[in-house]
Each structure stands twice: as structure tokens, then as C-alpha cells.
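Throughout, numbering of the chain's residues begins at 1 and tracks the sequence. Because the structure is predicted, anything quoted here is derived from the model rather than measured.
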Amino acid sequence: MSLPESATLFAPAKLTVSLAVTGVRPDGMHLIDAEMVTLDFGDTLTISLGNGVSYQGTWDGEGDGTDLVSRALDLLGERRRVHVEKRIAPGAGLGGGSSDAAAVLCAAGFNDYVRAAQLGADIAFSLEGGHSRVRGIGEIIEPLPDVERTFTLLTPPVHCSTPAVYRAWDDLGGPRGENGNDLEAAALAVAPELALWRDRLSDHASTQARLAGSGATWFVEGAFPGDQMVVASTTSRRRIGS
């Protein structure tokens with residue numbers, strides 16, 4: 001496995017269509033049973049010779065070695081210059097950092113889901129892409145038939161910390177989501193202002209908006225263009241090494 005000396009990569013956003021929390025491991029990691037898809041909306045990575053990771057777009061800055069792209073390079077034992085054009089906002093619940101890291105791993109033909117999940121829970125699914133059932137802490141991937149679906153996303157300027165949302169879920173007694181996502185009540189407890197954005201999208205689409213993962217993005221199925229709305233369609237599975 002090795003990275004090319006230069007390449008342009010697409011890192012698709014991940015949409016968690018449904019999520020159930022099924023348990024908690026002794027180490028505190030939560031177990032899930034989720035349906036996930038990848039979308040034709042995402043980040044673009046440019047790989048070249050050199051060293052270091054830079055970001056520009058919804059987040060600007062230099063990788064500090066702890067960001068997921070830098071850690072993916074470390075896992076591969078590779079050194080490259082990677083520039084990421086960010087369209088997926090951090091803390092949006094769309095797996096942007098995980099997808100960026102997975103794009104680097106895929107470019108090297110890496111497909112070890114267990115090691116990928118140890119790097120970041122969403123990376124294993126992002127290696128697979130397409131449409132899957134995801135269980136465990138994210139390392140058990142059951143590919144499902146590719147589907148053609150369109151979604152409208154609304155990402156508020158609110159950063160939802162995944163660990164904080166899971167802690168709130170524990171503190172609330174492990175509520176079950178009435179709208180397909182067990183974490184929705186916990187995310188609203190962490191960031192109550194999310195409700196305003198949920199209602200905005202629900203009113204715009206005339207249907208109940210759902211929370212993506214641990215937040216902060218809300219989504220509905222179907223195309224409902226509008227201010228700050230992103231309309232995106234599902235993509236097919238990756239073919240690693242093909």
C-alpha cells in the first residue's frame with residue numbers, strides 16, 4: 001500500500017439516515033445500529049510531494065498532527081503534502097474529517113475497517129461508501145444495495161461535539177428517538193438553538209426534518225432548494241484497489 005505522488009481526491013459527506021444506540025461498552029464507547037449513505041457533496045483533497053496538511057473553506061488552518069488526515073498519513077507511514085478544500089463544516093454530523101481521512105486511505109488501497117474505526121469511528125464506513133448498515137462502534141459494515149435518493153441538508157452555524165452529545169444521551173437515561181435518531185434529544189439538550197434550524201427546514205419542506213448523526217445538520221428526503229440549503233444525491237460504493 002502506498003500513496004500516489006500526486007492525486008485529486010473527492011471525500012463525500014456521510015449522511016446517517018437512522019441511528020439507534022444499542023449499548024455501551026465497558027470502556028464507555030457507545031454501540032450503534034445505523035443506516036448510512038454517502039452523498040455527491042463533499043470535500044476535495046489535493047495530494048502532492050512534500051509534508052503537511054492544510055485546510056481552506058468552512059475551516060481554514062494547518063493540520064497539527066492530531067487531525068484525521070494527518071493521522072491517516074501516520075497510519076500509512078507516508079509523508080505527503082495534502083490540501084483540503086473544506087465544504088463539509090466541522091461538527092456538522094456529516095463525517096467530514098472522517099471522509100477526508102478515508103479518501104487518503106483509499107488512495108493507498110487501505111481497507112482494514114477495524115484499524116480505520118480505531119482511528120475514527122466513521123472512517124470505516126467512509127472507506128466503504130455507498131449505502132450500508134453500520135454497527136458496533138462503526139467498524140461492522142454491512143453493505144446494502146446502492147440506492148438513488150436525494151436529500152436536502154441544512155447545516156446551522158452550530159458545532160455539535162459528538163462526545164458531549166453521547167454524554168447527554170447517557171445523562172438523559174438513554175432516550176429512544178421518535179424521529180429515527182436516538183441522539184436527537186441529546187443534541188437538543190447540548191445545543192437548544194438547533195430547534196430553530198430544525199423548524200426552519202421543516203417549514204420550508206413541509207415535512208419533519210431529521211437530525212444527521214449527533215448533529216448539527218438537519219435533513220429531509222427530497223429536493224427543496226432554498227437559502228443555505230444543500231441538495232445532494234446518494235453515491236455508489238467505493239471500489240478500493242480497483
Tell me whether [X] shares a hydrophobic cluster with [Y], the cluster being built from Ile, Leu, Val, Met, Phe, Trp, Tyr side chains joined at under 4.5 Å.
X    : Y    : value
L127 : L73  : yes
L188 : L211 : yes
V82  : L68  : yes
V69  : L76  : yes
W197 : L15  : no

Drop me the distance from [X]'s [atom1] to [Y]'s [atom2], to the nearest 0.5 angstrom.
X    : Y    : atom1 : atom2 : value
D146 : R237 : CG    : CZ    : 7.5 Å
N179 : W218 : CG    : CH2   : 7.5 Å
Q228 : L201 : CD    : CG    : 11.5 Å
L105 : R115 : CG    : CZ    : 9.5 Å
E128 : I141 : CD    : CD1   : 7.0 Å
L39  : L153 : CG    : CG    : 6.0 Å

If we count only N and O atoms by modelled type, under 3.5 Å, do the side chains of [X] and [Y] hold a donor and an acceptor together?
X    : Y    : answer
D199 : S202 : no
T44  : R87  : yes
T46  : H83  : no

With a 3.5 Å distance limit and no angle check, can you tell me whether [X] reaches the backbone of [Y] through a side-chain donor-acceptor pair?
X    : Y    : value
H30  : V24  : no
H204 : M229 : no
S6   : I47  : no
E139 : I137 : yes
R133 : L144 : no

Taking side chain as C-beta onward, heavy atoms only, is [X] less than 4.5 Å from [Y]?
X    : Y    : value
V21  : L31  : no
E193 : V158 : yes
L183 : L19  : yes

Please give me the minimum heavy-atom distance between [X] and [Y], naming the atom from each residue.
X    : Y    : result
S233 : T150 : OG-OG1, 3.2 Å
L172 : A189 : CD1-CB, 4.3 Å
T58  : P90  : OG1-CD, 3.9 Å
P4   : A107 : CD-O, 3.7 Å
A187 : L194 : O-CD1, 3.7 Å
F10  : A103 : O-CB, 4.1 Å

Might you work through the side chain to side chain donor-acceptor pair (under 3.5 Å) test for Y55 and D43, ending with a clear yes or no?
CA-CA 10 Å; Y55 297 87; D43 298 339; over 6 Å; no
Going through the distances and angles, do T38 and T235 end up as a side chain to side chain donor-acceptor pair (under 3.5 Å)?
CA-CA 6 Å; T38 45; T235 64; 2.6 Å; yes
Output yes when [X] and [Y] qualify as a salt bridge under the 4.0 Å nitrogen-oxygen rule, no when they do not.
X    : Y    : value
E62  : R81  : yes
R149 : E35  : yes
D182 : R176 : yes
D60  : K86  : no
D203 : R198 : no
D122 : K14  : yes

Does E142 CD have over 12 foreign heavy atoms under 6.0 Å away?
yes
Could you go through the side chain to side chain contact (heavy atoms under 4.5 Å, CB included) check for V17 and M36 one step at a time?
CA-CA 6 Å; V17 180; M36 298 182 184; over 6 Å; no
Taking it one step at a time, do T234 and F151 satisfy side chain to side chain contact (heavy atoms under 4.5 Å, CB included)?
CA-CA 8 Å; T234 53; F151 297 93; 3.9 Å; yes
Stepwise side chain to side chain contact (heavy atoms under 4.5 Å, CB included) test for F219 and T152
CA-CA 5 Å; F219 72 94; T152 300; over 6 Å; no
Would F41 and I88 satisfy side chain to side chain contact (heavy atoms under 4.5 Å, CB included), going step by step from the backbone distance to the final call?
CA-CA 8 Å; F41 159 75; I88 307 171; 4.1 Å; yes
